[in-house]
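Each remark here refers to the structure printed beneath this line.
Computed from heavy atoms alone, side chains included, the values below leave out hydrogens, waters and symmetry copies. Proteins come first, then strands; the chains are lettered A, B, ... in the order of their sequence lines, and each starts at number 1. Source: prediction; values computed, not measured.
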2 protein chains.
Amino acid sequence: MKKIINNVSDIEREMLEGLVAAVPKKLIKLNNYNIVVRANRNPKNVALVSGGGSGHEPAHAGYVGFGMLTAAVAGSVFSSPTAREIFKAIETVANPNGVLCIVKNYTGDVMNFEIAIEKARAAGINVDYVIVADDVASQSTAVGRRGVAGTVLVHKIAGAIAETGVPLELVKAIAQKTIDNVRTMGMAIRPCTVPATGIPSFELSDKEMEIGIGIHGEPGIRRERITNADGITKKILDRILTHLEYAGREVVVLVNGMGATPFMELCIVNSFIRDYLYRNGGIEVYDTMIGNYMTSIDMAGFSITLLRLDDQLKMYYDAAVETFALKK
Amino acid sequence: MKKIINNVSDIEREMLEGLVAAVPKKLIKLNNYNIVVRANRNPKNVALVSGGGSGHEPAHAGYVGFGMLTAAVAGSVFSSPTAREIFKAIETVANPNGVLCIVKNYTGDVMNFEIAIEKARAAGINVDYVIVADDVASQSTAVGRRGVAGTVLVHKIAGAIAETGVPLELVKAIAQKTIDNVRTMGMAIRPCTVPATGIPSFELSDKEMEIGIGIHGEPGIRRERITNADGITKKILDRILTHLEYAGREVVVLVNGMGATPFMELCIVNSFIRDYLYRNGGIEVYDTMIGNYMTSIDMAGFSITLLRLDDQLKMYYDAAVETFALKK
């Protein structure tokens with residue numbers, strides 16, 4: 001394993017310390033916890049808490065800030081934070097208007113967030129949650145659709161409405177509406193290497209790719225012969241388009257790198273998308289994000305997320321945001 | 001070679017088309033040229049033109065926009081654009097207040113920009129240029145210091161003053177002042193693969209790293225046994241600190257990924273920097289940028305850039321910017 005790290009056991013802490021050191025007036029890392037919270041938060045607004053395993057950077061701590069998350073809790077690489085850690089994050093940002101947790105649909109994350117939320121409610125905290133489940137590749141598995149890159153758009157839109165000071169029920173409703181309208185699918189040409197094991201998460205020959213990967217180093221739902229960027233992009237879009245009715249609608253496109261994919265390649269992927277969507281049902285691209293938003297350590301590959309818009313989602317998507325990893 | 005591309009000969013064009021497709025109201029790609037220009041530019045402001053070989057994305061086209069570049073011209077991967085292409089970019093954005101070209105110090109880039117500038121002057125265009133030379137690793141080579149990630153800060157600061165409508169001489173002076181105050185050094189744990197050759201640009205064993213790499217796949221000035229993130233970061237900082245007098249000054253830190261480096265690792269690198277600089281001469285970190293700003297395709301590694309500030313540079317560094325790859 002070749003990585004630019006110190007001790008494997010310090011990765012999560014040092015990573016958050018390095019992020020907070022970049023913007024020390026804006027972010028605070030809690031002592032003895034891998035939790036990052038906003039330095040200046042409005043105690044009248046619903047607080048948003050998200051998190052999950054590390055290895056998805058800049059998610060989630062990179063999205064803590066004005067117009068997005070209030071706190072992010074990081075577990076070990078690819079492992080859910082404990083219920084105790086999640087409770088600490090909820091407790092830290094709790095206020096009378098309430099806390100909304102945004103949870104990616106993975107068994108461990110959902111279980112630990114639910115335990116923490118139950119504990120927080122028992123302690124008198126007004127807290128609720130939504131589960132993001134955008135990955136169409138895993139639709140037919142037991143867990144159902146996993147929560148992947150679409151989560152970033154849920155953070156963005158829920159964060160925007162939370163800044164307006166509305167009650168928890170409304171923030172939750174808009175977060176849920178975003179979830180209902182967002183779908184993602186990914187692929188990889190090279191696996192990632194989890195620091196603790198030091199070995200690649202799967203093996204691929206020089207001619208193969210994995211279609212339908214998640215963000216925890218899992219192989220995809222199919223191994224195929226690698227084809228060109230247009231062919232791969234078309235395959236992913238076609239699959240996403242069968243999962244929601246996008247025809248005639250406006251969408252946000254998120255072309256998300258998995259961590260080790262050059263920006264050049266993500267742009268080449270995007271060069272295919274706008275025209276193809278328009279020719280397939282008159283889908284209009286309202287805006288496009290390209291970059292490493294929800295990664296899988298050093299996996300090489302990408303995912304495409306399509307968020308179906310209406311005027312309300314558009315307004316909150318467009319709203320100002322000021323975080324380390326997303327500014328508008 | 002495993003890449004998410006179509007034909008190798010179309011990479012540069014498709015990459016720019018994909019970028020422009022993401023923000024079609026803000027960027028225009030010229031027909032038949034790998035040149036990207038701002039859609040809405042103020043004809044009263046000095047225009048800034050930069051460019052160089054492709055493979056450094058999001059540089060340079062990702063920095064075209066309000067408060068940064070007016071045009072970017074992209075050569076083939078790791079090859080200078082031709083003088084004809086550079087002239088076309090200059091001609092397209094030329095206005096009576098003039099054009100400033102920001103050139104990275106590489107033999108091909110400097111030669112072709114100089115030919116294009118001579119041609120533009122002969123055509124009556126008011127044009128001048130600066131050469132960025134921030135890479136301390138190459139100081140003792142024949143070409144001298146190469147232009148690397150510090151170029152992004154030159155774009156930022158020159159772009160900010162250009163927006164104020166001042167004359168060409170002043171924009172050039174501030175760009176040059178930025179160049180005089182910025183130094184960079186990089187390292188890699190894995191080489192990049194140039195699409196046209198399909199083979200890694202050098203070979204490294206699992207125990208080795210290259211210190212002092214450039215951004216064109218070159219090996220570094222030394223091959224060493226890989227050490228931990230703190231050790232590597234210290235080594236790079238120590239080298240940079242011998243090149244300019246930073247003691248007691250404020251600096252901008254840019255921790256730049258080379259294309260395939262996880263954000264997690266860049267943050268771990270940054271976790272060492274702030275305290276170390278303060279303990280070594282009371283250097284204060286004014287602001288920190290972490291991300292893939294000036295890449296070398298899919299190289300895994302990073303560079304650190306230190307920009308020494310004064311009140312004037314700080315003001316232009318802080319000014320608003322709205323490009324695809326940098327927003328403030």
Side-chain angles (χ1 to χ4, degrees), chain A residues 1-7 11 14-19 21-24 54-55 57-58 62 187 189-190 204 206 209 226 228-230 232 253 255 259-275 285 287-292 295 297-298 300-302 324-325 327-328, chain B residues 1-7 11 14-19 21-24 54-55 57-58 62 187 189-190 204 206 209 226 228-230 232 253 255 259-275 285 287-292 295 297-298 300-302 324-325 327-328:
Chain A
M1 175 180 68
K2 242 176 151 176
K3 288 184 184 291
I4 301 165
I5 58 174
N6 296 303
N7 296 318
I11 284 178
E14 290 185 341
M15 177 259 294
L16 294 179
E17 286 172 352
L19 176 69
V23 281
S54 294
E57 294 70 29
M187 64 80 64
I189 57 172
R190 267 188 294 275
L204 274 180
D206 263 10
M209 62 179 176
I226 190 168
N228 67 11
D230 288 355
I232 299 167
V253 174
V255 181
T261 319
F263 186 73
M264 167 190 268
E265 295 179 20
L266 300 178
C267 286
I268 290 172
V269 166
N270 190 53
S271 71
F272 180 83
I273 296 178
R274 183 179 286 269
D275 287 350
V285 175
D287 195 36
T288 302
M289 297 164 65
I290 306 174
N292 296 324
T295 62
I297 316 178
D298 52 359
F302 68 96
F324 195 82
K327 293 182 176 69
K328 196 175 272 196
Chain B
M1 176 179 68
K2 243 176 151 176
K3 288 183 184 291
I4 302 164
I5 58 174
N6 295 302
N7 296 318
I11 284 178
E14 290 184 342
M15 177 260 291
L16 295 179
E17 286 173 354
L19 176 68
V23 280
S54 293
E57 293 70 28
M187 65 78 65
I189 56 172
R190 267 187 295 276
L204 274 181
D206 263 10
M209 63 179 176
I226 191 168
N228 67 9
D230 288 353
I232 299 167
V253 174
V255 180
T261 319
F263 186 71
M264 167 190 271
E265 296 180 19
L266 300 178
C267 286
I268 290 172
V269 166
N270 190 54
S271 71
F272 181 82
I273 296 179
R274 180 178 289 268
D275 288 348
V285 175
D287 195 37
T288 302
M289 298 164 64
I290 305 175
N292 295 323
T295 62
I297 315 177
D298 52 0
F302 69 96
F324 194 81
K327 293 182 177 69
K328 195 174 274 196

note = Bottom line for A:T261: the part with an atom under 4.5 Å from chain B's heavy atoms is both
remark   = Ranked by heavy-atom pairs below 4.5 Å to chain B, first place among A:L204, A:I297, A:D206 goes to A:D206
inquiry  = Please rank B:R190, B:K3, B:M289, B:K327 by heavy-atom pairs under 4.5 Å with chain A and give me the top one.
reply    = B:K3
inquiry  = Ignoring hydrogens, what is the shortest heavy-atom contact between A:F324 and B:T288? Give both atom names and the distance.
reply    = CE1-O, 4.0 Å
task = Check each atom of A:D298 against the heavy atoms of chain B and say whether the ones under 4.5 Å are side chain, backbone, both or neither.
result = both
Side-chain donor-acceptor distances from residues 264-273 of chain A under 3.5 Å, at least two apart:
unit_1 : atom_1 : unit_2 : atom_2 : d
A:E265 : OE1    : B:I4   : N      : 3.1
A:N270 : ND2    : B:G18  : O      : 2.7
A:S271 : OG     : A:I268 : O      : 2.6

note = When the 4.5 angstrom heavy-atom criterion is applied to B:I226 and chain A, the contacting part is side chain
Between A:M209, A:E17, A:R274, the one whose heavy-atom pairs under 4.5 Å with chain B are most numerous = A:R274
note = From the list A:P24, A:G301, A:A300, A:A325, the residue making the most non-hydrogen contacts under 4.5 Å with chain B is A:P24
remark   = Given B:G62, B:A21, B:S54, the one with more heavy-atom pairs under 4.5 angstrom with chain A than any other is B:A21
remark   = Assert top hit (heavy-atom pairs under 4.5 Å, partner chain A, pool B:N7, B:V253, B:I11) equals B:I11
remark   = Tightest non-hydrogen contact, residues B:A22 and A:I290, listed as CB-CD1, 3.8 Å
ask   = Is it true that a side-chain atom of B:D230 and a backbone atom of A:N6 form a donor plus acceptor pair closer than 3.5 Å?
value = no
query = In terms of heavy-atom proximity below 4.5 Å to chain B, should A:L16 be classed as side chain, backbone, both, or neither?
reply = neither
